Amino acid sequence: MADNKRKLRFKSIALLEAVIILFLAIALIWVGLIRGRNEAVPANAGSQDPQVRRRAVIEKEETFYQLDGKKILMNDGTYGEIFVPVYEDVPASTIDLNELTMRNGYAYYKENGQVVSTTGVDVSEFQNEIDWEQVKQADIDFAFIRVGYRTYGDGIVTYDSAFQRNIEGALDAGIKVGVYFYSQATNANEAIEEADAVIDALAPYDITYPVVYDWELVGHDNARTDGVSVEALADCCISFCERIKDSGYTPMIYQNTGTAMHKLDLPRIKDYDFWLAEYADKPSYYYDFKIWQYSNTGRIPGIEGDVDLNICFRPYDGKAKAKDKDDT
């Protein structure tokens, strides 16, 4: 009986000690919470006077291009505004946009108060029958005639059905002539094949303006050129242009602003004249270009429907002989 009483007493003491420890623990936790709340440091405690803080200076350019020699600001269909690095070894455009004006649907460029530019069109079989005498009377100085094209599906080199009629009609009317080939080449050998087709077609004619390589992306359908790499495209451009230059003509590359900036290896093709396609009141392309295609909805007497309009800033005089590097 005595042992039972002793065990009961020990249990009571142990229970009391447990209750006391529990209360002490709760008290310590509560005191800690109150002290922590009272000693919390405000977010701006110890900081400088807000009036002393520096506000970042945001500099903005007034023009579409960032002409600081480091980067170009462009608009991309997917990403919106994007920065593109500037190639220091690729010549920049020297055109003074303040001297570029539009009058009666034509673009004109002045130097020292005098118009130095010429006006031109580019045509193919899609313009049907052209009255070149009327075109001449409409103050058209030059015309680029399509020699032919490579089909974007099966890759067959084909002559433009109106090439002979157009080039002879333009020349007979006293309009200076250049030519272009619509390429869908995927490698250098195909580009050479295209150049040879152009050279053969030009044999009977004396032309004044350049022979142009017009390689384009096909956006409305699957094309054999969909997977062409930047390196392969540059190889095609160089192969075509060098073949043309070896035959005594001035080679030129045609391209729109977006493809030129995103797809062309500009440092590799910088030695060739450039024909820019950009439909706007004024061109925004950063690098050098000799001809600007500013509209694809031009209307010219003697040509049925819409036609592309072009301005050549400094006319090509004489036969389209290739320039030596020492002359460029």
Side-chain angles (χ1 to χ4, degrees), residues 105-109 115-149 157-183 194-214 240-241 243-254 272-275 277 290-296 298-323:
Y106 292 170
Y108 297 92
Y109 186 68
V115 174
V116 296
S117 61
T118 53
T119 301
V121 295
D122 57 272
V123 299
S124 69
E125 61 192 35
F126 294 112
Q127 272 68 47
N128 300 318
E129 193 82 26
I130 296 175
D131 186 333
W132 286 103
E133 291 295 337
Q134 285 193 48
V135 174
K136 177 65 176 178
Q137 293 302 313
D139 295 327
I140 297 300
D141 304 299
F142 67 92
F144 278 101
I145 312 298
R146 188 175 74 164
V147 175
Y149 57 95
V157 173
T158 307
Y159 283 116
D160 189 296
S161 62
F163 165 70
Q164 182 177 353
R165 182 177 72 241
N166 280 333
I167 193 170
E168 292 179 358
L171 290 172
D172 289 345
I175 296 174
K176 295 181 178 180
V177 170
V179 300
Y180 71 98
F181 187 91
Y182 177 87
S183 172
E194 295 170 350
D196 286 343
V198 172
I199 293 166
D200 291 343
L202 286 179
Y205 310 107
D206 289 329
I207 69 169
T208 308
Y209 274 61
V211 176
V212 183
Y213 187 60
D214 174 17
F240 183 96
C241 289
R243 197 77 158 192
I244 293 299
K245 185 167 69 173
D246 287 346
S247 294
Y249 301 101
T250 299
M252 174 177 273
I253 294 171
Y254 168 94
Y272 307 114
D273 289 356
F274 189 75
W275 176 8
K290 307 299 185 186
I291 298 176
W292 172 38
Q293 184 185 87
Y294 55 90
S295 175
N296 62 347
R299 288 301 179 110
I300 302 294
I303 299 178
E304 179 182 342
D306 294 337
V307 66
D308 297 337
L309 295 178
N310 303 273
I311 177 174
C312 181
F313 292 94
R314 292 172 182 84
Y316 291 84
D317 296 321
K319 187 177 179 181
K321 287 289 186 182
K323 298 185 294 291

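Quick caveat, the model's predicted, so the values are computed rather than measured. Below, all heavy atoms of this structure are taken into account, side chains as well, without hydrogens, waters or symmetry copies.
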Item checked: Residue list, side-chain contact (heavy atoms from CB on, under 4.5 Å) with Thr158, at least two apart or on another chain -> Tyr149, Thr151, Ile156

Notebook entry, point to check: Are any non-hydrogen side-chain atoms of Cys312 and Tyr209 less than 4.5 angstrom apart?
Noted result: yes

Item checked: Closest non-hydrogen atom pair between Leu202 and Tyr249, with its separation -> CB-OH, 3.7 Å

Notebook entry, point to check: Using a distance-only test with no angle check, is there a side-chain donor-acceptor pair under 3.5 angstrom linking Asp122 and Tyr254?
Noted result: no

Note to self: List the residues meeting salt bridge (Lys or Arg N to Asp or Glu O under 4.0 Å) with Asp306, not counting sequence neighbours, and say none if there are none.
What the structure shows: Arg299

Next item on the list: State which residues pass salt bridge (Lys or Arg N to Asp or Glu O under 4.0 Å) with Asp160; sequence neighbours excluded, sorted by chain then number.
Entry: Arg146

Next item on the list: State, to 0.1 Å, how close Gln134 and Gly302 come at their nearest heavy-atom pair, and which atoms those are.
Entry: OE1-N, 3.4 Å

Checklist line | Steps toward side chain to side chain contact (heavy atoms under 4.5 Å, CB included) verdict (Asp214, Trp275) | finding: CA-CA 9 Å; Asp214 174 17; Trp275 176 8; over 6 Å; no

Next item on the list: State, yes or no, whether a side-chain contact exists between Tyr294 and Ile311 at a heavy-atom distance under 4.5 Å.
Entry: yes

Notebook entry, point to check: Got a sec, which residues hit side-chain hydrogen bond (donor to acceptor under 3.5 Å, both in side chains) with Trp292, two or more places apart in sequence or on another chain?
Noted result: none

Checklist line | Closest heavy-atom pair and its distance - Ala107, Thr119 | finding: O-OG1, 4.1 Å

Check: Does Ala143 have any side-chain contact (heavy atoms from CB on, under 4.5 Å) partners at least two apart in sequence or in another chain, and if so, which?
Finding: Val121, Trp132, Ile145, Ile175

Margin query: If you compare all heavy atoms of Cys241 against all heavy atoms of Ile253, which two are closest, and at what distance to 0.1 Å?
Written below: SG-CG1, 3.8 Å

Item checked: Taking every non-hydrogen atom, the tightest pair across Thr118 and Pro315 -> CG2-CG, 3.4 Å

Margin query: Applying ring pair (Phe, Tyr, Trp, His ring centres under 6.0 Å), can you list everything that pairs with Tyr109, at least two apart in sequence or on another chain?
Written below: Phe313

Margin query: Any heavy-atom pair between the side chains of Phe144 and Ile291 that's under 4.5 Å?
Written below: yes

Notebook entry, point to check: Quick one: does Glu125's side chain have a donor or acceptor within less than 3.5 Å of a partner on Ser161's backbone?
Noted result: yes

Item checked: Residues forming a side-chain hydrogen bond (donor to acceptor under 3.5 Å, both in side chains) with Gln137, sequence neighbours excluded -> none

Next item on the list: Using the test ring pair (Phe, Tyr, Trp, His ring centres under 6.0 Å), find all partners of Tyr272 that sit at least two apart in sequence or belong to another chain.
Entry: none

Note to self: Under the rule for ring pair (Phe, Tyr, Trp, His ring centres under 6.0 Å), what residues qualify as partners of Phe240, not counting sequence neighbours?
What the structure shows: Tyr213

Check: Rounded to the nearest 0.5 Å, how far does CD1 of Ile303 lie from CD of Gln127?
Finding: 6.5 Å

Next item on the list: Please list, chain by chain and in numerical order, all residues satisfying side-chain contact (heavy atoms from CB on, under 4.5 Å) with Asn128, sequence neighbours excluded.
Entry: Glu304

Item checked: ring-ring contact (aromatic ring centres under 6.0 Å, His included) partners of residues 162-181, not counting sequence neighbours, each pair once -> none

Notebook entry, point to check: Which residue pairs pass the salt bridge (Lys or Arg N to Asp or Glu O under 4.0 Å) test when at least one of the two sits in residues 128-141, sequence neighbours left out?
Noted result: Glu129-Arg165

Margin query: Do Ile300 and Leu309 have side chains that approach each other closer than 4.5 Å (heavy atoms only, starting at C-beta)?
Written below: yes

Note to self: Atom CD of residue position Gln164 - does it have more than 12 heavy atoms of other residues, nucleotides or ligands inside 6.0 Å?
What the structure shows: no

Check: If you take all heavy atoms of Val157 and Ala197, which pair is closest and at what distance?
Finding: CG1-CB, 4.1 Å

Notebook entry, point to check: Can you find a pair of side-chain heavy atoms, one from Ile167 and one from Ile207, that are under 4.5 Å apart?
Noted result: yes

Check: Quick one: OG on Ser247 to CG on Asp200, what's the gap to the nearest 0.5 Å?
Finding: 9.0 Å

